[in-house]
K.L.:
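Structure incoming, see below.
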There are 2 protein chains.
Amino acid sequence: MSLPHAILTALLEKPSSGLELTRRFDKSIGYFWSATHQQIYRELGRLEEAGQIRALPSPVPVRGQRKEYEVLPAGREFLREWVGAAEDPKPLRSALLLRMRAAAVVGSAGLRAELERHLALHRAQLDEYRAIEERDFPAERRTGEPDRLRHLVLRGGIDLERFWVEWLTAALTELGPPEE
Amino acid sequence: MSLPHAILTALLEKPSSGLELTRRFDKSIGYFWSATHQQIYRELGRLEEAGQIRALPSPVPVRGQRKEYEVLPAGREFLREWVGAAEDPKPLRSALLLRMRAAAVVGSAGLRAELERHLALHRAQLDEYRAIEERDFPAERRTGEPDRLRHLVLRGGIDLERFWVEWLTAALTELGPPEE
DNA sequence: GCCGCTTGTGCAACTAGTTGCAGAAAGATC
DNA sequence: GATCTTTCTGCAACTAGTTGCACAAGCGGC
């Protein structure tokens, strides 16, 4: 399970409060490890309990008030170990591929519209990734190891979206004209 | 959630007992919607309860004895509706991409070996898919709609594995020589 | 005829992730 | 200065998925 590692990574990149983390998950880390604010708050509690992060000293420790967290040495070490650990890839789960297989059995009525909708979503995501690439990784900035690695991650996201766009396009062609 | 749909699809393709389903998940449907035997037994119970499948009449309804299930009309209808339903793609979750991002922060020690291990696994999966394609979808068999759709699904699997093989190869190059 | 192995089904207890809601604090509106 | 809205944190209850184990039936050997 990788949520604690995702949070530690985000906190090392920049100490944050729970809500800040949630927002950053929505537009960065969350692109390949999504989490709701609920998961994040709960995990922050566990990580603090385990001595891997701590809340920055603040005047009043009251509910409804932002709490900034930073990573402790134990947390950094925990993350460092995980980077080199053996962990098998989780088997793929795609409801869309499954649906197409179901369509082979009960007919493909209505599937075309869904494929078009997904195609639009993946195109949008692809555009977003490309915008990020232009903004954060112009050719001249791809030098230090950290940046090279982060750029690789983004390239992974881009190529995955490209895969979906291509597959969906092929599927739509194969499915034939609308209202066949 | 798609497990019931996966099971209905599998049962429509061929009525089976719980264990048979488990085996078929391990080498077919499960490639894009995996499930353990536990999940399958539990879901079979629910589907039977809901009147979407039924156990074929058997002499003795005892524990430890195989039970064949077949899909009832209500189950088929349920699946048919799902094929055309709107359902957003679930956000990507890749522990490996996440790990690379963590590596950008705490260093990439040990990561290279993991990338190589994953590369081998994805290559093996790719080979398996290709063998299935040759066996089940020779060029002359890709005619009826059901077969065309099933082949599309398999092509999706193949291209996804190809994506990983290419990305991992690029990542290893980018990471530089071993023991940098 | 019993002993151990495999096949098949399933319960129980766990971890991970989701959804709905609530309450405190602080700024915005009148 | 009363109320309204937004921000931020969090509890509670749920669904999905995993892991470990148990128990029955059949089969094979001896």
Side-chain angles (χ1 to χ4, degrees), chain A residues 1-8 10-11 15-26 29-30 32-50 53-56 58-69 82 87-95 98, chain B residues 1-8 10-11 15-26 29-30 32-50 53-56 58-69 82 87-95 98:
Chain A
M1 219 283 302
S2 307
L3 182 56
H5 309 106
I7 291 180
L8 288 171
L11 284 182
S16 308
S17 68
L19 196 64
E20 270 168 27
L21 273 180
T22 305
R23 297 206 203 295
R24 288 170 57 206
F25 264 71
D26 284 346
I29 293 264
F32 31 89
W33 202 275
S34 63
T36 63
H37 75 121
Q38 261 321 311
Q39 285 177 274
I40 289 173
Y41 281 118
R42 230 186 327 185
E43 198 62 42
L44 283 173
R46 284 178 197 154
L47 287 168
E48 187 174 24
E49 183 99 8
I53 62 175
R54 64 160 187 164
L56 290 180
S58 117
V60 260
V62 240
R63 190 188 161 98
Q65 210 131 324
R66 51 191 310 130
K67 235 188 294 181
E68 287 257 308
Y69 288 96
W82 180 68
E87 194 174 277
D88 284 342
K90 282 200 328 232
L92 165 64
R93 282 227 172 140
S94 165
L98 182 60
Chain B
M1 219 282 304
S2 305
L3 182 57
H5 309 106
I7 291 181
L8 287 171
L11 284 182
S16 307
S17 68
L19 195 64
E20 271 168 26
L21 272 181
T22 305
R23 296 206 204 295
R24 289 170 55 204
F25 265 71
D26 284 346
I29 293 265
F32 30 88
W33 203 275
S34 63
T36 63
H37 75 121
Q38 260 321 310
Q39 285 176 274
I40 289 172
Y41 281 119
R42 229 183 332 180
E43 198 61 43
L44 282 172
R46 284 177 198 156
L47 287 168
E48 187 173 24
E49 182 99 8
I53 62 174
R54 64 161 186 167
L56 289 179
S58 117
V60 260
V62 238
R63 191 187 161 98
Q65 210 132 327
R66 51 190 311 131
K67 236 191 293 183
E68 288 256 308
Y69 288 96
W82 180 69
E87 194 173 277
D88 284 343
K90 282 199 327 227
L92 165 65
R93 282 230 171 138
S94 164
L98 183 59

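Lettering follows sequence order; numbering is per chain, from 1. Just so it is clear, the structure is predicted and the values come from calculations on it, not from any experiment.
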K.L.:
Rounded to the Å, how far apart are I7(A) CD1 and dA16(C) P?
P.N.:
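Distance, rounded to whole Å: 12 Å.
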K.L.:
Check every strand shown and say whether S17(B) touches a base, only sugar-phosphate, or nothing at a heavy-atom separation below 4.0 Å.
P.N.:
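Sugar-phosphate contact only - S17(B) comes under 4.0 Å of backbone atoms but never of a base.
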K.L.:
Nearest to the side chain of H37(B) - dC21(D), dT9(D), dA16(C)?
P.N.:
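So the side chain of H37(B) is nearest to dC21(D).
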K.L.:
Strictly distance-based, threshold 3.5 Å: is any side-chain N or O of R24(B) a donor or acceptor partner for the main-chain N or O of A10(B)?
P.N.:
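Such a contact is found between R24(B) side chain and A10(B) backbone.
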K.L.:
Please pick, from dG10(D), dT9(D), dT19(C), the nucleotide with the shortest atom-to-atom distance to any side-chain atom of Y69(A).
P.N.:
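For Y69(A), the side-chain atoms sit closest to dG10(D).
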K.L.:
Starting at CD of Q39(B) and ending at C1' of dT15(D), how long is that distance when rounded to a whole Å?
P.N.:
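Computing the Q39(B):CD to dT15(D):C1' distance gives 12 Å.
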K.L.:
Between the side-chain atoms of R42(A) and the base atoms of dT18(C), is any donor-acceptor pair under 3.5 Å?
P.N.:
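Such a pair is found, so the answer is yes.
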K.L.:
Using atom CG of L44(A) as one end and atom C1' of dC11(D) as the other, report the distance to the nearest whole Å.
P.N.:
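L44(A) atom CG is separated from dC11(D) atom C1' by 16 Å.
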K.L.:
Please state whether the phosphate of dT9(C), meaning OP1 or OP2, lies under 4.0 angstrom from any side-chain nitrogen or oxygen of Y41(B).
P.N.:
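True: Y41(B) side-chain N/O within range (under 4.0 Å) of dT9(C) OP1/OP2.
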K.L.:
If you check every side-chain atom of M1(A), which of dG17(D), dG17(C), dG8(C) has the closest atom?
P.N.:
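So the nucleotide nearest the side chain must be dG17(C).
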K.L.:
Consider the side chain of R46(A), meaning its heavy atoms from C-beta on, and name the nucleotide among dG10(C), dC8(D), dA16(C) that approaches it most closely.
P.N.:
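Nearest listed nucleotide: dA16(C).
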K.L.:
Assess whether a salt bridge exists between R46(B) and E43(B), defined as any Lys/Arg side-chain N lying under 4.0 Å from an Asp/Glu carboxylate O.
P.N.:
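Yes, R46(B) and E43(B) are salt-bridged.
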K.L.:
I want to verify a distance call: between dC8(D), dG17(C), dG20(D), whose nearest atom is closest to the Q38(B) side chain?
P.N.:
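Nearest to the side-chain atoms of Q38(B), counting from C-beta on, is dG20(D).
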K.L.:
With respect to the side chain of T36(B), which nucleotide from dC8(D), dT19(D), dG17(C) is positioned closest?
P.N.:
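Selected nucleotide: dT19(D).
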K.L.:
Tell me, please, which residues at least two apart from R93(B) pass salt bridge (Lys or Arg N to Asp or Glu O under 4.0 Å).
P.N.:
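Here no residue qualifies.
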K.L.:
Can you check whether L3(B) reaches Q39(B) side chain to side chain, under 4.5 Å on heavy atoms?
P.N.:
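They are in side-chain contact.
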